[in-house]
2 protein chains.
Amino acid sequence: MVTKGNAFDPNCPTRTILDRIGDKWTVLVVLSLRSGPLRFTELRDRIGQVAPKVLTQTLRRMERDGLITREVYPEIPPKVVYTLTPMGASLIGPISVITDWAETHLPAITKAQAAYDGV
Amino acid sequence: MVTKGNAFDPNCPTRTILDRIGDKWTVLVVLSLRSGPLRFTELRDRIGQVAPKVLTQTLRRMERDGLITREVYPEIPPKVVYTLTPMGASLIGPISVITDWAETHLPAITKAQAAYDGV
DNA sequence: CTCGACGGTATCCATTGGTAACTGGCTACT
DNA sequence: AGTAGCCAGTTACCAATGGATACCGTCGAG
């Protein structure tokens, strides 16, 4: 019944992960780093409208979770390079499944919303 | 190739969906309704520590998105039944991919966190 | 001597997530 | 008669989070 590693358990493993996946920027960082390491500002530019504070938070959390590595080159001007770890890269597949679903169903969702709001 | 329906576009379809998937309770609702329709309190009990206000918000949003249907029986005491739509049910697959990933990698993540915090 | 590159902080405000208490109509118990 | 309880929420309120804007230090270039 229900799930194995039970999503309904407050201490549930899955919840922890979903909080990451669901995070607005984590997914974008993973996709951005897919084709190779990037520096802070490169990520910033690539992702778009993300505040530096928020990007920093996201990257720190991802580093803590072992999804990316952060390498600092003590040069001037500073250089920091972010790279996907193998575990981080392994997220690309699952993420793609979700984005595919999203692209497939978005028209239906938009339609449903319009219908609901119209009523 | 980056994405098609580009996740970096602020008006991106994928972002809209990820906001739902990432929502703390939506996933739990989908999984709860997987095996059949449920009433409000049944959902509440099944999911656990969710405040009624928050559950209501979640359900309304899901209804608007066309993921569930809400049927009201004007009885006393009231009866409201929530059911997955076909579109809602089609989310089970993608969600499972994520939860599988989560269960597989959780040990590694926990370890990474411990290592990071230890430093 | 001022400017810009880089990788961030500091400060502040708005939105959201969440808690606790209450509603209303009816029935069942005492 | 009074009281308690069921269901499906709502209301009022508070804390945490997300995000915009501005600023920092160090250095070389002009």
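Just so it is clear: chains get the letters A, B, ... in the order the sequence lines come, proteins before strands, and each one is counted from 1.
C/dG7 atom P lies 10 Å from atom CD of A/E75, rounded to whole Å. Taking atom CG of A/L28 as the reference point, atom C1' of D/dG19 lies 15 Å away to the nearest angstrom. Between A/W25 atom CH2 and D/dT17 atom P the separation is 18 Å, expressed in whole Å. As rounded to whole Å, 14 Å separates atom P of C/dG8 from atom CG of A/D45. Protein atom CD1 of A/I47 is 14 Å distant from nucleotide atom P of C/dG7, rounded to whole Å. Atom C1' of nucleotide C/dG24 and atom CD1 of B/I76 are separated by 8 Å, given to the nearest angstrom. Rounded to an integer number of Å, the gap from CZ of A/R44 to P of C/dG8 is 12 Å. To the nearest angstrom, P of C/dA5 lies 17 Å from NZ of A/K79.
Here the side chain of A/T85 pairs a donor or acceptor atom with the backbone of A/G88 at under 3.5 angstrom.
Summarising the local packing, NZ of B/K79 is surrounded by more than 12 heavy atoms from other residues, nucleotides or ligands at distances under 6.0 Å.
Toward the 5′ end of DNA chain D lies the nearest nucleotide of A/K24, the other residue of the pair A/K24 and A/P77 mapping further downstream.
For the atom pair CE (B/M87) and OG1 (A/T104), the distance works out to 11.5 Å, reported to the nearest 0.5 Å.
Counting any heavy atom pair closer than 4.0 Å across all strands shown, A/Y73 reaches no nucleic acid atom. As judged by a 4.0 angstrom heavy-atom cut-off over every strand, A/K53 is placed among the base-contacting residues.
Over its full length, the helix from C/dC1-D/dG30 to C/dT30-D/dA1 turns its helical axis through 30°, comparing axes from the five pairs at each end and rounding to 10°.
Of the residues in residues 54-70 of chain B, those lying under 4.0 Å from DNA chain D by heavy-atom distance are B/T56, B/R60, B/R70.
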